[in-house]
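Everything below concerns the one structure shown next.
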Amino acid sequence: MTVPEQWKDGLESDTPPAPYATDGTDFGGAVRYHYGVALKKFLKFFPVFLLLWVQLFVFHLDYLLPVAIVGMFGVVWTLFLLADRLSFTRKCSKVFRTYPLEFRTPVEKYGMESTHTLFLRFGDQGGTPFTLRAKHALGRRRWPVGITDGVWFAGDEPFGGAIIVPGSGELLFLQPRDWAERDEDRANAGPERTEKAGRAGIRRPARR
């Protein structure tokens, strides 16, 4: 589902300043922080749902069945969220280890969908700019504050990449919005760029 056009510029996160450098010098700190937040969110809810689930087997009381069902689905859901957050953080880390970070400004908010997906463009491109699909490493549904002022980008636009937002330090994983439409750009990229994209994990489209 696409968010109404009039909302796309107003929905911004209230994330506080990052506890690590966000000037392109410390992507390792950003990655470690996102791993830590993912685990903290998991540990906040998983034990509660697990307790709701296992108490049925401990007490053997039939009236606890509805509560146990809620617990079971909660366990599955929190495990899914943890795997998703760790996966996207790992994808960003792999890109940062392969490509140098460069500052790109301005950033155009092109649109957003309710499925944790943002669409953006870099304003310093010549000709027809790439529209990139951005997924927040922690699954947040809002625009990082100040993203239009510029970001630290690592990657190769026909394949994708990752960004660090100055200030908040939020990580977003990027790939072209219309992957098939960029087939020619990737075919003309040459073997060196293609091999590098493979090492960064962006040679093929990622799961949306």
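The structure presented is a predicted model; accordingly, all values stated were derived computationally and were not measured. Just so you know, these numbers use all the heavy atoms, side chains as well, and skip hydrogens, waters and symmetry mates.
- Within the 4.5 Å cutoff, no side-chain heavy atoms of H34 are placed close to those of F88.
- A distance of 9.0 Å separates NE2 of H136 from SG of C92, quoted to the nearest 0.5 Å.
- In terms of hydrophobic clustering, with Ile, Leu, Val, Met, Phe, Trp and Tyr side chains grouped at heavy-atom distances under 4.5 Å, F42 and Y33 are assigned to different clusters.
- Between the side chains of R199 and T98, no donor N or O sits under 3.5 Å from an acceptor N or O.
- Side chain of Y20 to main chain of G169: a donor-acceptor pair is present (N/O by atom type, distance under 3.5 Å, no hydrogens or angles).
- Side chains of V151 and I164 form no contact here, defined as non-hydrogen atoms less than 4.5 Å apart.
- Within the 4.5 Å cutoff, side-chain heavy atoms of T117 are placed close to those of R133.
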ask   = Checking side chain to side chain contact (heavy atoms under 4.5 Å, CB included) for the pair M72/V75: CA distance, chi angles, key distance, verdict?
value = CA-CA 5 Å; M72 180 185 68; V75 164; 5.8 Å; no
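- The closest donor-acceptor contact from the side chain of D84 to the backbone of F80 lies at 3.5 Å or more, if one exists at all.
- Side-chain atoms of D26 come within 3.5 Å of backbone N or O of G29 as a donor-acceptor pair.
- In the hydrophobic clustering of ILVMFWY residues, with side-chain heavy atoms under 4.5 Å counting as a link, V31 and L101 come out together.
- A salt bridge links R104 and E102; the closest N-O separation between the charged side-chain nitrogens and carboxylate oxygens is under 4.0 Å.
- Using a 4.5 Å heavy-atom threshold, the side chains of I163 and F173 count as separate.
- Crowding of K196 atom NZ: a count of heavy atoms from other residues, nucleotides or ligands under 6.0 Å exceeding 12.
- Side-chain contact of R85 with T89: a donor-acceptor pair under 3.5 Å is absent, judged by distance alone.
- Geometrically, R182 engages F130 in a cation-pi contact, judged by NZ or CZ lying under 6.0 Å from the ring centre and within 45° of the ring axis.
- One hydrophobic cluster holds both W152 and F27 under the rule that ILVMFWY side chains link at heavy-atom gaps under 4.5 Å.
- No continuous path of ILVMFWY side-chain contacts below 4.5 Å connects L51 to V67, so the two sit in separate hydrophobic clusters.
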